[in-house]
Amino acid sequence: RDDIVGVLQIINARGEDGQISPFLDEDRQVIRHFGISAAVALERAQITRTIFLRMIRMAELRDPKETGPHVSRVAAYATEIYKVYASRRQISSREVERQVDVLRSAAMLHDVGKVGISDNILKKPARLTPEEYDAMKQHTLIGTRLFSDARSEIDEAAAVVTVSHHERWDGAGYPEGKSGEGIHLFGRVVAIADVYDALSSRRSYKEAWDEDRVLAELRDNAGSQFDAGLVGDFLSIHDLIKSIRSRYPDPD
Ligand SMILES: [Fe+2]
Ligand SMILES: [Fe+2]
């Protein structure tokens with residue numbers, strides 16, 4: 001469609017004598033091929049992103065609680081928590097950049113498995129019965145199945161986040177009852193981001209909790225529900241977290 005996806009800037013080489021050497025015809029050919037490959041790679045990345053955004057919009061149509069602003073906030077909180085964790089572990093900035101990119105998309109997809117949950121349960125205005133709650137828990141397994149034929153790092157991360165964001169540090173979570181570092185880092189990070197956002201937002205069935213109460217809840221559950229180290233990371237950037245919240249407000 002003749003879209004411009006990027007600009008490739010190439011600087012002439014300098015000879016040993018400091019003279020600028022002009023591009024040769026064969027250089028032009030190599031550059032042309034390189035440009036085409038780069039454009040194909042960029043286009044592929046764009047298509048992947050677009051498909052993920054459509055999946056998220058589809059999930060939003062099914063589950064009105066899983067709104068655009070909610071998934072954007074969860075993704076932004078999760079990547080910021082990960083950055084603090086990574087600096088603590090002295091992970092290289094290159095690696096951090098790569099992981100942040102992958103985690104952002106995967107975190108947005110955490111509840112995409114709810115597309116497979118029936119409306120009677122998803123939209124029930126009252127409390128779920130134990131059987132209904134069990135059915136609801138399946139959204140983790142349905143979600144991970146959507147990415148089981150992983151073709152990219154984002155697919156792999158999405159498979160991990162969907163299945164592990166309701167696991168608990170003490171092993172009392174679902175669906176697998178994994179515990180501690182047996183739960184993938186991305187799952188432990190998204191669990192904190194998702195719960196923080198759910199508590200601090202107004203939902204049809206509850207008011208937003210005030211900030212002190214939300215923070216107390218996270219602190220009280222550090223080491224039982226949540227990875228205590230990651231809760232510490234989260235608390236250390238609380239101002240940044242609040243600024244993210246104001247960047248993605250819920251519609252009234
Ligand atoms: Fe969930
Ligand atoms: Fe969520």
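Remember, it's 1-based here, ligands and their atoms both numbered in the order they're listed.
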Next item on the list: List the steps, then state whether ring-ring contact (aromatic ring centres under 6.0 Å, His included) holds for His139 with His165.
Entry: CA-CA 11 Å; His139 78 277; His165 70 283; 5.4 Å; yes
Check: Does Asp134 pair with Lys137 as a salt bridge, N-O distance under 4.0 Å?
Finding: yes
Check: How close do Ala75 and Arg104 get, heavy atom to heavy atom, and via which atoms?
Finding: CB-O, 3.5 Å
Check: Which protein N, O or S atoms lie under 2.8 Å from the Fe ion (ligand 1)?
Finding: Asp111 OD1, His139 NE2, His165 NE2, His166 NE2
Notebook entry, point to check: Which pair of heavy atoms, one from Arg73 and one from Ser201, lies closest together, and at what distance?
Noted result: NH2-OG, 3.3 Å
Check: Would you call the rings of Phe52 and Phe147 parallel, tilted or perpendicular, where under 30° means parallel and over 60° means perpendicular?
Finding: tilted
Item checked: Side-chain ion pair, Lys123 and Asp63, N-O less than 4.0 Å -> no
